[in-house]
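Can you keep this structure in mind? I'll have questions shortly.
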Amino acid sequence: MRIAVVSAPAERKQPPDYVKAFAKGMSMMGHHVDIIDAWTEDGMRLPGYEYITVVAEPVSFLSGKIPDRVAKVLGAGSSLLGKKSAAFVRKAGLFSSRALSNLMKAMEKEGMKVNWSDILLNSPHAEAMGKRIGA
């Protein structure tokens, strides 16, 4: 299966280690996985994937908000209506579950069907979660 992992860390930087571990877990299960950086790419390639996962971070320790860039990337990819997807947020701060809820709302606003969501604790946990995608 072709899977896109949209990496949306709180600040502009290379995809974090937990995102790479998440993608590695999916690759180990035989999937073709591409990491799409929400800060540098526009999301126009997203409709070409069978499954889309978004991995984000809350913007601050005391916030349940996700980066605004997530909505821009998802909005740029036309025809995401009905696309199967998963939402993940890295455990960072007091309101990680609120950030996960906000992420799922942003994805559902674009018509995506979120069939799995979870909070990632660290890189080994992210890799284990990646192995469960599409299983």
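Side chains are part of it too, since the values below use all heavy atoms of this structure and drop only hydrogens, waters and symmetry mates. Throughout, numbering of the chain's residues begins at 1 and tracks the sequence. If you're wondering where the values come from, they're calculated on a predicted model, not measured in any experiment.
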Check your understanding: In Å, rounded to the nearest 0.5 Å, how long is the span from CD of Glu50 to NE2 of His32?
Key ->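 One gets 10.5 Å once the value is rounded to the nearest 0.5 Å.
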Review point. Quick one: does Ser63's side chain have a donor or acceptor within less than 3.5 Å of a partner on Val59's backbone?
Key: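 No; judged by distance alone, with no hydrogens or angles, the pair does not exist.
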**Study point:** Nearest-0.5 Å distance, NZ of residue Lys105 to CG of residue Leu100
**Key:**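 With rounding to 0.5 Å, NZ (Lys105) is 11.0 Å from CG (Leu100).
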Check your understanding: What are the two closest heavy atoms between Ala38 and Val6, and how far apart are they?
Key ->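 Looking at all heavy atoms of both residues, the shortest contact is CB-CG1, 4.2 Å.
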Practice item. Looking only at non-hydrogen atoms, find the nearest pair between Ala4 and Ile36 and report the distance. Key: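 That would be CB-CD1, 3.9 Å.
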**Study point:** Step-by-step salt bridge (Lys or Arg N to Asp or Glu O under 4.0 Å) determination, Arg90 to Glu57
**Key:** CA-CA 5 Å; Arg90 184 179 70 92; Glu57 291 180 0; 3.2 Å; yes
Exercise for review: Please check if Ile35 and Leu120 belong to a single hydrophobic cluster, counting links between Ile, Leu, Val, Met, Phe, Trp and Tyr side chain heavy atoms closer than 4.5 Å.
Suggested key: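 Same cluster.
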Review point. Less than 4.5 Å apart, any side-chain heavy atom of Met107 and any of Leu80?
Key: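 No, too far: nothing below the 4.5 Å cut-off.
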Point to revise | Close side-chain approach of Ser85 and Trp116, heavy atoms under 4.5 Å | key: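 With C-beta onward as the side chain, the pair stays apart.
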Check your understanding: Is there a donor-acceptor contact under 3.5 Å from the side chain of Lys84 to the main chain of Met112?
Key ->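 Not a single qualifying donor-acceptor pair exists.
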**Study point:** His125 NE2 to Phe22 CZ distance, which is reported to the nearest 0.5 Å
**Key:**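 Reported to 0.5 Å precision, the distance equals 10.0 Å.
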Review point. Are Met28 and Ile133 connected, step by step, through hydrophobic side chains (Ile, Leu, Val, Met, Phe, Trp, Tyr) whose heavy atoms are closer than 4.5 Å?
Key: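 Shared cluster, no.
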Check your understanding: Roughly how far apart are Glu127 CD and Lys24 NZ, rounded to 0.5 Å?
Key ->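 Glu127 atom CD to Lys24 atom NZ measures 4.5 Å (nearest 0.5 Å).
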Check your understanding: What's in the same ILVMFWY side-chain cluster as Leu94, cut-off under 4.5 Å, chained through other members?
Key ->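 Joined to Leu94, directly or through intermediates: Phe61, Leu62, Phe95.
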Point to revise | Nearest heavy atoms of Thr40 and Arg12, plus distance in Å | key: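 Heavy atoms only, the tightest pair is CG2-NH2, 3.9 Å.
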Review point. With distance as the sole test, does Asn102 use its side chain to make a donor-acceptor pair with the main-chain N or O of Gly64 at under 3.5 Å?
Key: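 Checked: pair present.
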Point to revise | Rounded distance [0.5 Å steps], CD in Glu110 versus CG in Leu81 | key: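 With rounding to 0.5 Å, CD (Glu110) is 10.0 Å from CG (Leu81).
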Check your understanding: What is the minimum heavy-atom distance between Trp39 and Ala10, and which atoms define it?
Key ->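 Shortest heavy-atom contact: CZ2-O, 3.6 Å.
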Point to revise | Co-membership, hydrophobic cluster, residues Leu121 and Val5, 4.5 Å side-chain | key: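 Hydrophobic grouping puts Leu121 apart from Val5.
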**Study point:** Ile52 CD1 to Lys113 NZ distance, which is reported to the nearest 0.5 Å
**Key:**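 The NZ atom of Lys113 is 13.5 Å from CD1 of Ile52, to the nearest 0.5 Å.
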